[in-house]
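Since we're looking at a predicted model, the values are computed, not measured. Sequence lines set the chain letters: A, B, ... in the order given, protein chains first and strands last, and positions in each chain run from 1.
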There are 2 protein chains.
Amino acid sequence: MLTIGTLARKTGTKVQTIRYYEQIGLMHVPGRTSGGQRRYYDHDLDRLSFIRHGRQLGFSLNAIRELLALADNPKQSCANADSIARKQLLQVDQRLLRLKALKKELKRMITDCECNRVADCKVLEVLRDHSNCLTDHEAIGA
Amino acid sequence: MLTIGTLARKTGTKVQTIRYYEQIGLMHVPGRTSGGQRRYYDHDLDRLSFIRHGRQLGFSLNAIRELLALADNPKQSCANADSIARKQLLQVDQRLLRLKALKKELKRMITDCECNRVADCKVLEVLRDHSNCLTDHEAIGA
DNA sequence: CGTAAAATCTATAGTAACTATAGGTATAGG
DNA sequence: CCTATACCTATAGTTACTATAGATTTTACG
């Protein structure tokens with residue numbers, strides 16, 4: 001019998017976040033003590049770990065919801081899980097590209113900036129000048 | 001005299017987003033036609049480009065607000081702008097590390113998964129098993 | 001057993017950065 | 001002049017939490 005605080009500590013999740021996961025139907029509704037406090041079993045801990053691990057891997061809660069549904073029905077084909085992971089990998093690659101470009105530009109901003117007045121500050125100049133950056137207006141992926 | 005739509009097209013911003021920037025005080029309040037429509041000057045376009053560029057570089061709207069304030073007072077020292085950029089670089093480096101680890105794990109999931117039934121699907125297995133991942137419970141940076 | 005601190009409870013609101021919708025008005029082109 | 005397109009406001013929704021207030025429960029100690 002685990003309290004919500006124990007679950008939180010073991011998975012690095014905030015207590016509120018666990019309640020939130022229950023509210024949106026990601027975590028099962030747990031039993032309660034006579035006083036109304038939630039008590040969990042080990043399988044709840046496993047489920048929460050699965051969710052948190054998925055989040056760390058960048059999966060959205062919806063993707064995780066799908067993956068959990070798959071994991072709950074072990075007789076299906078795993079093509080779905082595979083396709084979710086592949087979609088994720090594509091997104092990760094795009095984010096990596098953007099971040100690398102960003103890092104380069106930030107470094108340029110910083111190393112170039114040895115001035116004293118804002119008037120000729122490279123940091124601001126780089127922001128003013130769009131010419132060096134990704135030309136397409138793609139989404140600013142979070 | 002530019003319409004809001006033109007500004008939007010030229011910067012790859014949604015019209016609503018421009019109005020939102022005005023609402024939160026990032027964009028100046030523009031003049032209006034007799035009919036009540038917003039009309040902009042080139043300096044508004046510049047300001048919006050600056051904002052969007054900052055966003056593409058991963059700066060938060062608050063950071064951009066600070067940078068705009070600096071850019072508006074060209075007599076100050078640029079140490080502030082520099083420190084904002086440096087903070088940003090640190091964050092970017094952290095995100096890069098996480099994303100690289102993530103990519104590795106996603107690839108492992110995908111290449112290992114040649115099964116047919118969910119029962120032995122590597123994708124789900126990897127999610128179940130936390131042992132290979134970042135051990136600390138750090139924030140799932142967006 | 002009594003008490004006090006720590007943990008838990010619910011409900012609600014706030015965060016970031018937009019995005020979408022509904023219902024109505026303005027403007028530009030033919 | 002008419003109509004299609006663009007624009008207007010106001011409000012609500014999105015994602016994934018996080019924070020707060022005020023009340024109740026549980027646990028640990030003496």
Side-chain angles (χ1 to χ4, degrees), chain A residues 1-27 29-40 44 48 50-68 88 91 95 98 137-142, chain B residues 1-27 29-40 44 48 50-68 88 91 95 98 137-142:
Chain A
M1 283 319 218
L2 310 163
T3 65
I4 197 169
T6 310
L7 235 67
R9 230 175 311 108
K10 292 206 177 189
T11 59
T13 313
K14 295 253 159 76
V15 164
Q16 279 105 319
T17 305
I18 299 175
R19 292 199 277 248
Y20 168 72
Y21 287 162
E22 180 186 330
Q23 201 183 300
I24 63 171
L26 264 190
M27 285 296 283
V29 174
R32 301 272 186 144
T33 64
S34 57
Q37 298 195 354
R38 291 166 179 83
R39 286 300 122 95
Y40 295 94
D44 294 306
L48 183 55
F50 187 104
I51 295 169
R52 295 308 284 177
H53 194 176
R55 289 293 297 137
Q56 275 170 21
L57 289 176
F59 289 95
S60 71
L61 289 182
N62 265 343
I64 290 171
R65 196 188 295 277
E66 290 177 49
L67 289 169
L68 280 169
Q88 202 59 25
Q91 277 180 31
R95 279 195 241 170
R98 290 190 64 82
H137 289 313
E138 60 177 311
I140 298 166
Chain B
M1 283 317 216
L2 309 164
T3 65
I4 197 170
T6 309
L7 236 66
R9 230 174 312 108
K10 292 207 179 189
T11 59
T13 313
K14 294 253 160 75
V15 165
Q16 277 105 318
T17 305
I18 299 175
R19 291 198 278 246
Y20 168 71
Y21 287 162
E22 180 185 330
Q23 201 181 302
I24 63 171
L26 265 191
M27 286 294 285
V29 174
R32 301 271 184 144
T33 63
S34 57
Q37 299 196 352
R38 291 166 178 83
R39 287 299 123 96
Y40 294 95
D44 295 305
L48 183 55
F50 187 103
I51 296 169
R52 295 308 284 177
H53 194 177
R55 289 294 295 138
Q56 275 170 21
L57 288 177
F59 290 96
S60 70
L61 289 182
N62 266 343
I64 291 170
R65 197 188 296 276
E66 289 177 50
L67 289 169
L68 279 169
Q88 201 59 26
Q91 279 179 30
R95 277 195 243 169
R98 291 192 63 83
H137 290 310
E138 62 177 310
I140 297 168

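- With rounding to the nearest 0.5 Å, the separation of CG in Leu26(B) from OH in Tyr20(B) is 8.0 Å.
- A heavy-atom distance below 4.5 Å is found between the side chains of Leu61(B) and Arg55(B).
- Residues satisfying the side-chain hydrogen bond (donor to acceptor under 3.5 Å, both in side chains) test with Arg19(B), not counting sequence neighbours, are none.
- Here the P atom of nucleotide dC18(C) and the CG atom of Asn62(B) are 12 Å apart, to the nearest Å.
- Contact check, Arg38(B) against dT9(D): a side-chain N or O comes under 4.0 Å of OP1 or OP2.
- If you take CD1 of Ile4(A) and P of dA7(C), they are 13 Å apart, rounded to a whole angstrom.
- With sequence neighbours left out, the side-chain hydrogen bond (donor to acceptor under 3.5 Å, both in side chains) criterion links Thr3(B) to Thr6(B).
- Taking atom OH of Tyr40(A) as the reference point, atom P of dC9(C) lies 7 Å away to the nearest angstrom.
- For the pair Lys14(A) NZ and dT20(D) P, the computed distance is 11 Å after rounding to whole Å.
- For dT10(C), the OP1/OP2 oxygens have a side-chain nitrogen or oxygen of Arg32(A) closer than 4.0 Å.
- For Tyr40(B), the side chain to side chain contact (heavy atoms under 4.5 Å, CB included) partners at least two apart in sequence or on another chain are Leu2(B), Ile4(B), Leu7(B), Ile18(B), Glu22(B), Pro30(B), Arg38(B), Asp44(B).
- Checking dA20(C), dC7(D), dC18(C) against every side-chain atom of Thr3(B), the shortest atom distance belongs to dC7(D).
- Among the nucleotides dC8(D), dT21(C), dT18(D), the one closest to the side chain of Gln16(B) is dT21(C).
- Side-chain contact between Arg52(B) and Tyr21(B) is present, with heavy atoms from C-beta onward closer than 4.5 Å.
- At a non-hydrogen distance threshold of 4.0 Å, Arg19(A) from residues 17-26 of chain A come into contact with DNA chain C.
- Here the closest heavy-atom approach between residue Val15(A) and residue Ala8(A) is recorded as CG2-CB, 3.9 Å.
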Q: List the protein contact pattern of nucleotides 23-30 of chain C with one symbol per nucleotide (5' to 3'): B for base contact, S for sugar-phosphate-only contact, - for none; contact means a heavy-atom distance under 4.0 Å.
A: ---SS---
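- The interatomic distance linking Arg65(B) (CZ) with dT15(C) (P) rounds to 13 Å, in whole Å.
- Of the side-chain N and O atoms in Arg52(A), one or more sit less than 4.0 angstrom from OP1 or OP2 of dC17(D).
- Looking only at side-chain heavy atoms (C-beta outward), Ile51(B) and Met27(B) come within less than 4.5 Å of each other.
- In this structure Arg65(B) satisfies the side-chain hydrogen bond (donor to acceptor under 3.5 Å, both in side chains) test with no other residue, sequence neighbours excluded.
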